[in-house]
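To start, the structure itself, in structure tokens.
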Amino acid sequence: MKKIVEVAHKFIAEHQDLDIAVDFTCGNGYDTKFLSECCHQVYAFDIQEGAIAKAKTIAQRSNIEWILDDHANVDQHVGAFDVGVFNLGYLPGGDESITTNADSVITALDKALQIAHKPALIIIVLYPGFEHGKKEAKAIEAYVEKLDSKHYDVSILKLLNRKDAPYIISIDVKGEDEAVPFTIPFHLIIGDTRYSLSKTFVEFNKLDSYDVQKVMYKDLLSVTYVDQKRLSFTLPSNDTVTLDTSMVKKEVLKDIYMCMYLVRKRNGINEELQSEIQLENC
Ligand SMILES: C[S@@+](CC[C@H](N)C(=O)[O-])C[C@H]1O[C@@H](n2cnc3c(N)ncnc32)[C@H](O)[C@@H]1O
């Protein structure tokens, strides 16, 4: 059998439309690197500064946001995601007393299931080969076993003929996201005039020369890049408005990026998004 993380990566690679990833335990960065190569944006968590520093040397793409925080706080940093990876245990080559624990993993899982897109995939790699890891694995199994099968498929991949070998739990979040309007305050440039908008994206009304009414992301015809900083939205009327991303807060950019992703996905566009513009401009 391949190394267990390679199997986990294979699982993930088989899924389509994985746009936003969360590495809940970035450690040395090998999972983060893999995720950054198959997803448009990656949020990578670790509680150890040293781990993140090392991971940055392994995973160098600009679509990674490094988060020095407990993964139990995932909802404070991530709005939604398509694939999440928990590679449990301690940092290989690091301090073995700093290890994941069932309580924070279960809190993180609980929150992750609330913010996950539908469908989404969560992979957990567990290491029952040491005492703490065994207890952790038991507690996590007890938690995932209770997940409602109407909404989640929970499966396990385990070597039955090798005692205490590392193994994988995968959670498939079923279903399809409802189309929801986004609340996006932003700046529009029409001609040479910049309009600062703090109303909702869905409802902003008369704007001097331009009347943009009830534009919901699902009504947008397309979203494209004008240049590295500006996005062009084609309205239902076929007119376009331009968004200057450098004027937009990071949290808002995440919504806009999501909006852009949904519009492009609906339009069958799978080409790489320049999501790094978000990071550069924040
Ligand atoms: C087995 S390592 C991860 C290996 C890593 N994914 C890789 O590819 O190298 C586990 C990591 O989880 C981190 N960790 C432990 N508890 C954590 C927590 N509550 N939140 C975030 N990271 C945590 C540890 O610091 C450690 O670096």
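Read the numbers this way: they start at 1 and go in the same order the structure lists the ligands and their atoms.
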Q: List every atom of ligand 1 that sits less than 4.0 Å from any heavy atom of G89, numbering the atoms from 1 in the order shown and giving each element.
A: 10 (C)
Q) Is E131 salt-bridged to K135, cutoff N-O under 4.0 Å? A) no
Q.
Going by side chain to side chain contact (heavy atoms under 4.5 Å, CB included), name the residues that satisfy it together with S36, two or more places apart in sequence or in a different chain.
A. V42, R61, N63, I64
Q. Would you say D23 has any N or O atom under 3.5 Å from an N or O of ligand 1, going by distance alone?
A. no
Q. Which residue and non-hydrogen atom of the protein lie closest to atom 5 (C) of ligand 1, and at what distance in Å?
A. C26 O, 3.2 Å
Q: Note the single closest protein heavy atom to atom 6 (N) of ligand 1, along with its residue, its atom name and the distance in Å.
A: D31 OD2, 2.6 Å
(Q) Tell me the protein heavy atom at minimum distance from atom 9 (O) of ligand 1, and give that distance in Å. (A) N28 N, 3.0 Å
Q: List the closest protein heavy-atom neighbour of atom 3 (C) of ligand 1: residue, atom name, distance to the nearest 0.1 Å.
A: T25 O, 3.3 Å
Q: Among all protein heavy atoms, pick out the one at the shortest distance from atom 20 (N) of ligand 1; state its residue, atom name and that distance to 0.1 Å.
A: H71 N, 2.9 Å
Q: Assess F24 for proximity to ligand 1: is some non-hydrogen atom of it under 4.0 Å away?
A: yes
Q.
Nearest 0.5 angstrom please: I171 CD1 to Y152 OH, how far?
A. 8.5 Å
**Q.** Minimum-distance protein heavy atom relative to atom 23 (C) of ligand 1
**A.** I47 CG1, 3.6 Å
**Q.** Value rounded to 0.5 Å, distance of CD1 in I106 from CD1 in I140
**A.** 6.0 Å
Q: List every atom of ligand 1 that sits less than 4.0 Å from any heavy atom of D70, numbering the atoms from 1 in the order shown and giving each element.
A: 18 (C), 19 (N), 20 (N)
Q: Note the single closest protein heavy atom to atom 2 (S) of ligand 1, along with its residue, its atom name and the distance in Å.
A: Y90 O, 3.5 Å
Q) Quick one: which ligand 1 atoms are inside 4.0 Å of a heavy atom on T100? A) 12 (O), 14 (N), 15 (C), 16 (N)
Q. Which residue supplies the protein heavy atom nearest to atom 26 (C) of ligand 1, what is that atom called, and how far is it?
A. D46 OD2, 3.5 Å
Q: With heavy atoms under 4.0 Å as the rule, classify the contact between V105 and ligand 1 as side chain, backbone, both or neither.
A: neither
(Q) I'd like to check which ligand 1 atoms, numbered from 1 as shown, lie under 4.0 Å from a non-hydrogen atom of Y30. (A) 7 (C), 8 (O), 9 (O)
Q: Say whether, by atom type as modelled, one donor and one acceptor occur between the side chain of D82 and the main chain of A21 under 3.5 angstrom.
A: no
**Q.** Side-chain donor-acceptor pair present, D23, T32, cut-off under 3.5 Å
**A.** yes
Q: Provide the number and element of each atom of ligand 1 under 4.0 Å from a heavy atom of S104.
A: 19 (N)
Q. Is any side-chain heavy atom of V22 closer than 4.5 Å to a side-chain heavy atom of H77?
A. no
Q: Check each heavy atom of L88 against ligand 1 and say whether those closer than 4.0 Å belong to the side chain, the backbone, both or neither.
A: backbone
**Q.** Residue pair D110 / Y143, side-chain donor-acceptor N/O under 3.5 Å
**A.** yes
(Q) Check for me whether D69 has a heavy atom closer than 4.0 Å to any atom of ligand 1. (A) yes
**Q.** Residue pairs, two or more places apart or on separate chains, that pass ring-ring contact (aromatic ring centres under 6.0 Å, His included) and touch residues 18-38
**A.** H9-F34, F24-F86
**Q.** Any donor-acceptor N/O pair, E65 side chain to Y43 backbone, under 3.5 Å
**A.** no
Q. So how far is it from I122 CD1 to L113 CG, rounded to the nearest 0.5 Å?
A. 4.5 Å
Q.
Could you tell me, atom by atom, which parts of ligand 1 come under 4.0 Å of a heavy atom of L91?
A. 26 (C), 27 (O)
Q. Does any donor atom in the side chain of Y167 or E141 lie under 3.5 Å from an acceptor atom in the other side chain?
A. yes
Q: Between A72 and ligand 1, find which residue part has any heavy-atom pair under 4.0 Å and reply side chain, backbone, both or neither.
A: neither
